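Reading through the structure tokens given below for one structure.
Remember, predicted model here, so these are calculated numbers, not experimental data.
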Amino acid sequence: MLEAFVFATIFCGFFGIILKKNLVMKIISMDVMSTGVIAYYVLVASRDGLFTPIISDGTNVTYSDPVPQAVILTGIVIGFSIQCVMLVGVMKLARDNPTLESNEIEKSNTP
Amino acid sequence: MTTITIAWIALPFFLGFTIYLLPKLDRILALCVAFVSAGYALQLFVEQSPLTLQLLDHFGVTLIVDQLSGYFILTNALVTAAVILYCWHSDKTAFFYAQAIILHGSINAAFACADFISLYVALEVSGIAAFLLIAYPRTDRSIWVALRYLFISNTAMLFYLVGAVLAYQTNHSFSFASLRGAPPEALALIFLGLLVKGGIFVSGLWLPLTHSESETPVSAMLSGVVVKAGVYPLVRCALMVDELDPLIRIFGVGTALLGVFYAVFEKDAKRMLAFHTVSQLGFILAAPVVGGFYALTHGLVKSALFLIAGALPSRNFKELQHKPLSTTLWIALVIASFSISGFPLLSGFGAKVLTTKNLLPWQAIAMNVAALGTAISFAKFIFLPHKADGEEVVKPGFWPAAILLLGSLFIANIAYYEAYTLKNIVKPLATIGLGWLAYLLIFKHSVLKLPRVVEQFEHLIGGMSLMLLLLFWMVMA
């Protein structure tokens, strides 16, 4: 069930990238998509259990897998920095194309 | 050797940021990094056995360096050195050199790693650095081209991440070897990411616009090495997991034919070179065992050709046919064109022969057609008019860079000197002759213009979903 929601998020983001006309909306759609991917990693990590794997005197409980969570931290940072860089690019473009319609920008910038 | 490897991977990033602190030393530091990489690659050839590093535990970072990665690293080093020499006397700021070196370092990391997550990090860093290099002139067009590149590569890499976690789920390891026994959807998603990033088959159609619209040194770097960061993992996977070998070969053949088909009909010099990159990536994938040598040859030749194309008086072939070049420039152009069409005495010949030897029977006809197409498309360059006092507007750094790249082509020739048998020599000569004939009789006068509709941004993103379906179907079958 949760898996279905996660995949729905990823596809919402993907179709948003295709269907939205505004460049900022496209970038936000990409963010939605990457949120879905991150959620999927967390879901995979928690498949065996929900407890944080920290050494303690506690009883033997089901621990979640720390590796995917550690890995997706890198992914979050990279996704964040890519969005920053892209938004700076969009800001520069916005000076000459205030509407930010991607078709218009593409038409005037392809030879 | 372990320490050297880790120091070598960290060095470009360290020096890249040092360039900001010492902007006066920018070129020298950048060139030093390229030389260190070249030295490291040569060291790999001396040492025969592959070096495998397991940092942290079995789910941690895995590095594998052997001769295959040695070829790719050497390509990277030589192309970076040539690009820096080309920019030596230009007014590029320290920012440009810092980005070039960070790009160099991230690609080196991609050539050394053998697990999906280090690869993801390396590819994304190279994506950001390439974005900054393409957008360096800060015109509207360059920003749009760069934005489009980052958008496409990032979307593809998100699919790749989902695939990586699916592969992790089956084997609890992110290493390339965990692809064995992974579910088909994991394979399809990972391959989609790598195919888009490497510019292969239909999903590589973002490549021509990006490579042709960037500045001369940047497109030399992009076409020479950056796309190979996406191709190398595919080659490595094909070598590590035998089941994937046929799939990679199919994509190799498809890419070689598609790229060359566009290149033959292209009327713009830089776009022709970019489409030709697509086709040559197919040659690398068509015979994964010897892909390394082909990648070296192609990287050297393509960056030399892009640097030369930047010095031509026009980009349009129609106009070029009426403006004679200076003979020196023409000779450089002809050496590069001959090497890429597989003429003996240049390393393109050895690479072509070696690839042909390692093809499976069903690939042979298609690859010969692709080689013929190469000869036809480069006849466009060879038959340009030239005279001793023609137009020459080369940048001051052009000749050192061109001599480095073309000289390496001659030297790389000795890596496979066994190729020089009569039978091997006759075949490429016949192919080239046939190609020239076809060019002079048919293609020189063709006015067919292929539509560019598939290269629109939204169509490229949408094409990814179709590609995903195709991959899924291929993996299931």
Side-chain angles (χ1 to χ4, degrees), chain A residues 6-7 10-11 13-21 23 26-27 29-31 33-38 40-45 47 65-68 70-72 74-75 77-79 81-97 102-103 105-111, chain B residues 56-60 115-118 120-121 123-125 127-128 131-132 134-135 138-148 150-155 157-162 164-166 168-169 172-174 209 212-213 268 270-271 315 452 455-462 464-465 468:
Chain A
V6 167
F7 280 123
I10 295 179
F11 279 111
F14 183 67
F15 287 118
I17 295 176
I18 301 178
L19 297 175
K20 287 285 172 195
K21 292 281 171 243
L23 262 183
K26 276 186 198 284
I27 294 179
S29 307
M30 203 179 73
D31 189 34
M33 192 177 164
S34 81
T35 309
V37 174
I38 292 163
Y40 192 57
Y41 268 70
V42 175
L43 190 69
V44 167
R47 197 141 285 175
D65 189 349
V67 180
V71 157
I72 204 59
T74 329
V77 174
I78 290 176
S81 42
I82 284 186
Q83 267 172 35
C84 292
V85 171
M86 284 174 99
L87 286 172
V88 171
V90 170
M91 271 167 62
K92 289 257 177 198
L93 280 179
R95 257 187 332 201
D96 297 332
N97 311 275
S102 65
N103 312 32
I105 297 177
E106 180 156 42
K107 215 181 289 166
S108 53
N109 285 314
T110 26
Chain B
L56 302 174
D57 211 344
H58 68 275
F59 39 66
D115 68 301
F116 290 119
I117 293 305
S118 333
Y120 169 73
V121 175
L123 287 182
E124 287 290 39
V125 172
I128 296 178
F131 169 89
L132 292 171
I134 300 171
R138 277 185 249 146
T139 56
D140 260 13
R141 177 176 291 183
S142 69
I143 290 177
W144 165 248
V145 170
L147 209 58
R148 186 182 108 126
L150 195 59
F151 225 117
I152 290 167
S153 84
N154 195 43
T155 311
M157 289 318 272
L158 285 174
F159 281 118
Y160 168 92
L161 267 183
V162 177
V165 79
L166 285 169
Y168 174 81
Q169 234 177 352
H172 286 274
S173 149
F174 277 115
L209 186 94
S212 61
E213 292 308 315
D268 179 303
K270 276 187 98 174
R271 276 177 67 84
R315 274 175 58 173
R452 286 193 194 172
E455 286 179 44
Q456 279 170 16
F457 175 69
E458 273 141 19
H459 294 189
L460 286 170
I461 302 261
M464 270 186 219
S465 54
L468 193 62

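Both the backbone and the side chain of Phe457(B) come within less than 4.5 Å of a heavy atom in chain A. Heavy-atom distances place both the backbone and the side chain of Ile461(B) under 4.5 Å from chain A. Contact annotation for Ile117(B): only side-chain heavy atoms (C-beta onward) come within less than 4.5 Å of a heavy atom of chain A. Neither the backbone nor the side chain of Arg271(B) comes within contact range of chain A; no heavy atoms are under 4.5 Å apart. For a residue to count as touching a neighbouring chain, one of its non-hydrogen atoms must lie under 4.5 Å from one of that chain's; by this rule Ser465(B) touches chain A with backbone and side chain alike. In this structure, the portion of Arg47(A) lying under 4.5 Å from any heavy atom of chain B is its side chain and not its backbone. Heavy-atom distances place both the backbone and the side chain of Gln456(B) under 4.5 Å from chain A. For Leu166(B), the part lying under 4.5 angstrom from a heavy atom of chain A is the side chain only.
Checking side-chain atoms of Tyr41(A) against main-chain N and O of Leu161(B) turns up a donor-acceptor pair under 3.5 Å.
Of the options Ile27(A), Leu93(A), Ile105(A), a side-chain contact (heavy atoms from CB on, under 4.5 Å) to Leu147(B) is made by Leu93(A) and by none of the others. The side-chain contact (heavy atoms from CB on, under 4.5 Å) test with Ser34(A) singles out one residue from Leu158(B), Asn154(B), Thr155(B), and that residue is Leu158(B).
Chain A forms more heavy-atom pairs under 4.5 Å with one residue of His459(B), Met157(B), Glu213(B), Arg138(B) than with any other, namely Glu213(B). By number of non-hydrogen pairs under 4.5 angstrom with chain B, the leading residue of Ile72(A), Asn103(A), Val37(A), Val90(A) is Val37(A). Taking chain A as the reference chain and counting heavy-atom pairs below 4.5 Å, the highest number among Gln169(B), Glu455(B), Arg148(B) is found for Gln169(B). The greatest number of non-hydrogen atom pairs below 4.5 Å with chain B, out of Ile10(A), Asp96(A), Thr74(A), is found for Asp96(A). Ranked by heavy-atom pairs under 4.5 Å with chain B, the first of Val44(A), Ile17(A), Val67(A) is Val67(A).
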Evaluate side-chain contact (heavy atoms from CB on, under 4.5 Å) for Trp144(B) paired with Leu23(A), printing each intermediate quantity in order.
CA-CA 11 Å; Trp144(B) 165 248; Leu23(A) 262 183; 4.1 Å; yes
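Rounding to the nearest 0.5 Å gives a distance of 6.5 Å between CG of Asp65(A) and NE2 of His172(B).
Taking each heavy atom of Ile143(B) and Gly89(A) in turn, the nearest pair found is CG2-O, 3.6 Å. What you find for Ser81(A) and Ile128(B) is that their closest heavy atoms are OG-CD1, 4.2 Å. A pairwise comparison of heavy atoms in Ile82(A) and Glu124(B) identifies CD1-OE1, 3.6 Å as the closest pair.
More than 12 non-hydrogen atoms from other residues, nucleotides or ligands lie less than 6.0 angstrom from CZ of Phe7(A).
A salt bridge between Lys20(A) and Glu458(B) is absent, with no side-chain N of the basic residue lying under 4.0 Å from a carboxylate O of the acidic one.
Using a 30° and 60° split on the angle between ring planes, Phe159(B) and Phe14(A) fall in the perpendicular class, above 60°.
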